[in-house]
Amino acid sequence: MALDARIRELGSRHQSLEQAIQDELRRPHADDIRLRQLKRQKLKLKEEIETLRGRLH
């Protein structure tokens, strides 16, 4: 059950990063460096989520 909770937590953080990316893209002069950092963090979370899901099955 701990894995389920961890996956949900990571999913929430993943969604927050997606929102931050969208917010940055809406700015008149989006910060490319910040966007790269946010996208990299989001990808790492996605990879971790997929790894944990694999361990569930």
Side-chain angles (χ1 to χ4, degrees):
M1 203 47 91
L3 280 180
D4 287 335
R6 180 71 175 147
I7 290 169
R8 282 192 303 275
E9 174 192 342
L10 294 175
S12 177
R13 289 173 48 198
H14 186 270
Q15 186 61 36
S16 295
L17 284 170
E18 176 60 29
Q19 186 61 50
I21 290 167
Q22 293 306 314
D23 291 346
E24 188 65 36
L25 288 170
R26 285 188 202 99
R27 292 181 50 201
H29 300 287
D31 184 341
D32 290 337
I33 294 171
R34 177 160 166 71
L35 279 171
R36 267 194 304 258
Q37 291 171 339
L38 291 169
K39 288 179 179 182
R40 190 173 298 121
Q41 290 173 20
K42 184 179 164 200
L43 179 59
K44 285 182 182 180
L45 284 176
K46 180 180 177 183
E47 290 171 348
E48 187 173 350
I49 290 167
E50 292 303 315
T51 298
L52 293 175
R53 283 185 178 152
R55 289 173 54 188
L56 281 176
H57 299 291

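The figures here come from the full heavy-atom set of this structure, side chains too, leaving out hydrogens, waters and symmetry mates.
- Taking every heavy atom of both residues into account, Arg53 and His57 meet most closely at O-CD2, 3.0 Å.
- Applying the salt bridge (Lys or Arg N to Asp or Glu O under 4.0 Å) criterion to Arg40, with sequence neighbours excluded, gives no partner residue.
- Taken from CG in Leu56 to CD1 in Ile7, the straight-line distance is 4.5 Å, to the nearest 0.5 Å.
- Transitive grouping of hydrophobic side chains (ILVMFWY, heavy atoms separated by less than 4.5 Å) keeps Ile21 and Leu43 in distinct clusters.
- Tested against Glu18 for a side-chain hydrogen bond (donor to acceptor under 3.5 Å, both in side chains), the candidates Gln22, Gln15, His14 yield a single pass: Gln22.
- The salt bridge (Lys or Arg N to Asp or Glu O under 4.0 Å) check on Glu24 picks up Arg27, Arg34, with sequence neighbours excluded.
- Residues Leu10 and Arg13 meet the side-chain proximity criterion, which asks for heavy atoms closer than 4.5 Å.
- Separation of atoms CZ (Arg55) and CZ (Arg6) is listed at 10.5 Å; rounding is to 0.5 Å.
- Among all heavy-atom pairs drawn from Leu17 and Gln41, the shortest one is CD2-OE1, 3.4 Å.
- Linking ILVMFWY residues whenever their side-chain heavy atoms come closer than 4.5 Å, directly or via other members, leaves Ile33 and Leu35 in distinct clusters.
- The shortest non-hydrogen separation linking Leu25 to Ala30 is CA-CB, 4.4 Å.
- With sequence neighbours excluded, no residue forms a salt bridge (Lys or Arg N to Asp or Glu O under 4.0 Å) with Arg36.
- Under the 3.5 Å distance criterion, the side-chain polar atoms of Ser16 are matched with a main-chain donor or acceptor of Ser12.
- A distance of 10.0 Å separates CD1 of Ile49 from CD of Glu9, quoted to the nearest 0.5 Å.
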